[in-house]
Colleague: 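Below: one structure in structure tokens.
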Number of protein chains: 2
Amino acid sequence: MTDEHREKPTIYTIAKLAGVSHTTVSRALNGHPKVSAAQRRKIEAIATRLGYAGPNRHAIALRTKRSQMVGVLLMDLVNPYNSELAREIESELRTYGFTCMVSSCDGDGREAQDIAHLFVDAGVDAVITNVAEPLAALETEHAPPAVLVSDARIEGFAASVHINVFEGTYQAVSHLIEMGHRRIAHLGAGAHGERYRAYAQAMRDAGLQEELWAYGDRAWRREALQERVEAIVRERLQDRRSLPTAIVAHDDFMALSVLQIAREAGLSVPQDLSILGHDDTLVTQLVTPRLSSISIPIKRIGRAAARLALRLSGVEIDHPGEPTGKPGAGLDHWEFSAVPTWRESTAPPRPAH
Amino acid sequence: MTDEHREKPTIYTIAKLAGVSHTTVSRALNGHPKVSAAQRRKIEAIATRLGYAGPNRHAIALRTKRSQMVGVLLMDLVNPYNSELAREIESELRTYGFTCMVSSCDGDGREAQDIAHLFVDAGVDAVITNVAEPLAALETEHAPPAVLVSDARIEGFAASVHINVFEGTYQAVSHLIEMGHRRIAHLGAGAHGERYRAYAQAMRDAGLQEELWAYGDRAWRREALQERVEAIVRERLQDRRSLPTAIVAHDDFMALSVLQIAREAGLSVPQDLSILGHDDTLVTQLVTPRLSSISIPIKRIGRAAARLALRLSGVEIDHPGEPTGKPGAGLDHWEFSAVPTWRESTAPPRPAH
DNA sequence: CTGTTAGCGCTTTCAA
DNA sequence: TTGAAAGCGCTAACAG
């Protein structure tokens, strides 16, 4: 029994043992049609015997300029929305033999740039991102194509998964109003973004006044941002005589902060204050009361994003958004929409005293 | 102005323009000492002008057999412990120019194997893992070295970050007992694992009886597991006449389920039931009452793991566990320990009626 | 200090 | 149906 395990086997190792050229081995292993069945069998046998792990990806990448890797740049891995998304993306990519590098920039624009550069450097075939900032870094020549996953419509990306939150949010806020709420505040970065716009529209259409609790757009690291949001909410909740009866938060994570502070302030939810989140992540069900939230199909969004990235990488994927996405302009832009899910954190306001 | 941007520049492109050999370019760009300052300056200038993105990683990998990538295999990205860990690992690796591929196997052993294979296939320099299963897949020859991050002591890994939870847990449970608790249940997979052992020891040392609420070891996908845990807890909490006064959960995520179900069952926490989690993830502070938990220094653990992986990849890192880790056997095994953090979900039991 | 050469493992013409 | 040869972009001897 000769010791053939000394070095990692390559197609040359196999070729030598099979008495053929490495080209034939390559062809046989790649299912190329023009190899005799006999050769193929023999070669495959030897490959297995040697424990050949498949062709070296770096060699392939060097030769074909395709790395089979995609970069995923997220805002903040700790926000459950992002981790759920990452999970789906990774899993979908893996079924196609693709590998992915997930990075979070933690709200820091400079870091986003760094990551984008690292991705380019690493030679990813495509990038999927949640944050519009790296666009600039990705606009240079020779940069991989990118797919944007966002509720904002931002031009310039090769592909996109647009999460249409407008209608769902509009509908949700309208429903809150129907329930009897008159003062509904929105906790968000500022007076922009689809989430705010939809809220504002619904309020205006009902003749009510918008009320923005803004924490600003500055790039905060997650911890800092959270502290800031908490401070703001705490302060607003201070004035017991002038409280909204409902709050719509930019995402579930912020909604949790509100919930937490409200109770700390002795307010009961939903009796004294209704709280509505966005994204409908798993945490909604882990708190009491369970959080009402505007749902988006995270799994499908993640899978669609992955498929788009795959398409951009040259893999043939016919229906990137299946089964439930709606194609946008061309096969490279898909749209998913939001629907409110009512749970226990929302209820009609206490009748005015 | 000649159009030099047609193709992605390589060291050859630069060499031609600078009138030197590509080797010199390589040396200049790598900070090799033996290049004249003049050349270096000229070469660097040209490189910037061309927008040279740095050497092609695949070429380097092919040549040096070092990919500068590490694979990170986690149990479940959605559990905040894992996402916090992933974030730190990624961030630390990135500062060394390393890239990482994060995958979660979602509690599925077969998937863990697949991922391990994918990592090998992709040619990672090292892998960091949370789950012992892939060890088998990684034991073949030519497999990258792995670092295990766990509270269990499992042999066979090239490096490890051992999270010593025994003392912290023992101490926490003892404290619960000092508070007056007599019936303390442990919610976990089964009667094994450090977390259980420490709990059991503390109970026995106090002459109290252990009480295990086990959900079993089978590999459940996260959602399924959570449902199962909820069912178990719900059932146990049914019998109002015979309730423990405190529950120690295997991790914060489970503790949240308990909290949730307890309140659903009309139990108030901590008056009727104290709840103690493990890991001290960010969510502990996002619920009411804030969750007491046995803290481990996740950030330092993540960074230590990353550094160990770096070491295994041939990067010179002298103090992988700095600043607070304790070296284990050799520089490749570090240990961090747990300390209870008391918040609002724990209190002395209601005085017996 | 600089250049020449070889080769990492693979795919892909081009011939046979 | 098979093989020979070239070359992807880079680093690392080895000469000069």
Colleague: Taking side-chain contact (heavy atoms from CB on, under 4.5 Å) as the criterion, tell me which of B:I115, B:D114, B:T129 meets it with B:C105.
Modeller: B:I115
Colleague: What integer distance in Å separates B:I60:CD1 from D:dC10:C1'?
Modeller: 7 Å
Colleague: When the axes are fitted on five pairs at both termini, how much does the helix from C:dC1-D:dG16 to C:dA16-D:dT1 curve, in 10° steps?
Modeller: 40°
Colleague: When you compare the side chains of A:S67 and A:D125, does any donor N or O come within less than 3.5 Å of an acceptor on the partner?
Modeller: yes
Colleague: Do A:E92 and A:R307 have side chains that get closer than 4.5 Å, going by heavy atoms?
Modeller: yes
Colleague: Rounded to the nearest Å, what distance is computed from the CG atom of residue B:L62 to the P atom of nucleotide C:dT11?
Modeller: 12 Å
Colleague: Consider side-chain contact (heavy atoms from CB on, under 4.5 Å). Of A:I298, A:L74, A:V102, which one does A:N82 pass it with?
Modeller: A:L74
Colleague: I need the CD1-C1' distance between B:I43 and C:dT2, as an integer number of Å.
Modeller: 10 Å
Colleague: Just how far, in rounded Å, is P of D:dT11 from CG of B:N56?
Modeller: 10 Å
Colleague: Can you tell me if B:R57 and B:T99 form a side-chain donor-acceptor pair at under 3.5 Å?
Modeller: no
Colleague: Can you give one letter per nucleotide of nucleotides 1-6 of chain D, going 5' to 3': B for a protein heavy atom under 4.0 Å from the base, S for sugar-phosphate only, - for none?
Modeller: BBBBBB
Colleague: Is there a side-chain contact between A:R221 and A:E111, using heavy atoms and a 4.5 Å cut-off?
Modeller: yes
Colleague: Rounded to whole angstroms, how far apart are NZ on A:K8 and P on C:dG7?
Modeller: 21 Å
Colleague: Can you measure B:L29 atom CG to D:dT11 atom P for me and round it to whole angstrom units?
Modeller: 9 Å
Colleague: As a quick check of understanding, evaluate side chain to side chain donor-acceptor pair (under 3.5 Å) for A:R153 and A:S160, giving each step before the final call.
Modeller: CA-CA 9 Å; A:R153 292 198 161 288; A:S160 68; over 6 Å; no
Colleague: Going by heavy atoms in the side chains, are A:M69 and B:M69 under 4.5 Å from each other?
Modeller: yes
Colleague: Can you measure A:D121 atom CG to D:dC10 atom C1' for me and round it to whole angstrom units?
Modeller: 13 Å
Colleague: Quick one: does B:V72's side chain get under 4.5 Å of B:V127's, heavy atoms only?
Modeller: no
Colleague: Quick one: B:H58 NE2 to C:dG9 P, roughly how many Å, whole number?
Modeller: 16 Å
